[in-house]
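Throughout, protein chains are lettered first and strands after them, A, B, ... in sequence-line order, and every chain is numbered starting at 1. Hydrogens, waters and symmetry mates are skipped; everything else that's a heavy atom, side chains included, is used.
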Protein chains: 2
Amino acid sequence: MSETSTPARGRPPRLDRERTLRTALDLLRQSGLDALTMRRLAEALDVKAGALYRYFATKQDLLTAMAERMMAGVADATAAADDGDWSGQLRTLARALRAALLAHRDGARVFAGTHATGPHTLGIADTLVGVLRGAGFSDEEAARTLFTVANFTVGHTLEEQAALEPADGGADVPALLTEAVAAGTYPHLQAGLSTLSSTDFTALFEFGLGLLVDGLRARR
Amino acid sequence: MSETSTPARGRPPRLDRERTLRTALDLLRQSGLDALTMRRLAEALDVKAGALYRYFATKQDLLTAMAERMMAGVADATAAADDGDWSGQLRTLARALRAALLAHRDGARVFAGTHATGPHTLGIADTLVGVLRGAGFSDEEAARTLFTVANFTVGHTLEEQAALEPADGGADVPALLTEAVAAGTYPHLQAGLSTLSSTDFTALFEFGLGLLVDGLRARR
DNA sequence: ACCTGAACACCGTTCAAGT
DNA sequence: ACCTGAACACCGTTCAAGT
């Protein structure tokens, strides 16, 4: 009885899902999604690329596991908060989801590109639906709200992280927008220019979240 | 004076942005974004891949032009509609945006992965902001609503089109969800299961859009 | 049992050279 | 001026063979 229950015949593995996952998330944080290749990940693990396929059937599988792992902190952050009624709890949940995506470089792109169905992801979903059912919303309204809040949050954070990246293509969006608007063609965009080129994504997220919550309140 | 104003010295080009763009959108419709490679596009145009770079600096450039082209029909579809007050016009705009993304395979993925700032895209944005300003919302509220509606719509359609794709990885999401929920671990998801595994994305979109509109109404 | 070596079938992009 | 040929520096994935 040296350490584990299974006999462990042959050499002990140098690799496992856990170490691979941690290294992949580190590499993501350092280099971004486009630089996260199976070959570079293997190199960081001091192994050849082919070896990764013993633990993850495809790269997509690995990305799904990464997305699920990103959701790990959300439940705790939510439980810790003291947030009153259903609307406060819903806000807390949505903010924690955005924060979890923002906590990893390209987090929203990874999450949007996969379909995580692990315990963390399902736990968050269950909690959110539970908050709404507890507040008297129907099962159908609660389920639809889950999707609406998730889709809005992911859509928002996708934009937010895209705006944060260097945008190596050249001119950034605000600059292009300012230029196009200056020509006088888009009067309404011109009026909202200061907000449109603002980088206060938190205020923007809170605005959208506020609309959803008020819309829900009107339905009770 | 044979045909155009410019002298056209040398052979007439076999390629141009317009034909390349049309062929690229055709290829997208037939094969999806993952199969849209510069090499395959070149083959469809009966040319070698290197030739494409005379018209588009990078693949990202081509994708941005495709995203802009997808927005072409939105303004017309919006103008044709007879939709009453600001809330009806806002709904029409959001529905037309979703329809434009759905009209092309992987449309939302293409749109989300680029930052189109062409006249169609800016025209839609200007119209939406104009509707809200005309209804008495502040410039800031109008601009923030633009982002909220766009982010929600793109986030929703990303999910919708992902659910429509074959999902070659194996079991589909509803199946996985049903299985996980059956274990009894997620009581609230279990209650909403019929809605959660429903494929009525139009109803889902309308629910979210309705929340946003009602939220806006509460702000006037 | 676990990993390497080596290959297969691709990618986006560049650029000298041809026409 | 426009396109080809050929290369550069990569990809994800598979699988016989080694240890």
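A salt bridge is absent between A:Arg39 and A:Glu43; no separation between the charged side-chain nitrogens and carboxylate oxygens falls under 4.0 Å. A salt bridge between B:Arg109 and B:Asp34 is present, with a side-chain N of the basic residue lying under 4.0 Å from a carboxylate O of the acidic one. The residues B:Arg69 and B:Glu18 are annotated as salt-bridged, a charged nitrogen and a carboxylate oxygen being separated by less than 4.0 angstrom.
Nearest heavy-atom pair, A:Phe152 versus B:Thr148, reported as atom, atom and distance to 0.1 Å: CE1-CG2, 3.8 Å. What you find for B:Ala96 and B:Ala77 is that their closest heavy atoms are CB-CB, 4.5 Å. Summarising the geometry of B:Thr185 relative to A:Asp126, their closest heavy-atom pair is O-OD2, 4.5 Å, with the distance given to 0.1 Å.
A distance-only check finds a donor-acceptor pair linking the side chain of B:Glu68 to the backbone of B:His120 [under 3.5 Å]. B:Gln161 places a side-chain N or O within donor-acceptor distance of the main-chain N or O of B:Ala108, the cut-off being under 3.5 Å.
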Can you check side chain to side chain contact (heavy atoms under 4.5 Å, CB included) on B:Leu62 and B:Leu21, steps first, answer last?
CA-CA 7 Å; B:Leu62 170 66; B:Leu21 214 40; 4.0 Å; yes
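Whole-Å rounding puts the A:Lys48 NZ to D:dG18 C1' distance at 15 Å. Here the C1' atom of nucleotide C:dT13 and the CD atom of B:Gln60 are 14 Å apart, to the nearest Å.
Residues from residues 51-59 of chain B with heavy atoms under 4.0 angstrom of DNA chain C, sorted by number: B:Tyr53, B:Thr58, B:Lys59. If you check residues 19-44 of chain A against DNA chain C, the residues with a heavy atom closer than 4.0 Å are A:Arg39, listed by number.
Comparing D:dA9 with C:dA9, their P atoms sit 23 Å apart, to the nearest whole Å.
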Canonical and wobble pairing (Watson-Crick, G-U, under 3.5 Å) of DNA chain D, dot-bracket with |:
||.|||||...|||||.||
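Across the interface with DNA chain C, nearest-nucleotide mapping of A:Leu15 and B:Ala49 shows A:Leu15 to be the residue nearer the 5′ end.
For the side chain to side chain contact (heavy atoms under 4.5 Å, CB included) criterion with A:Leu36, the lone passing option out of A:Leu25, A:Val110, A:Leu63 is A:Leu63.
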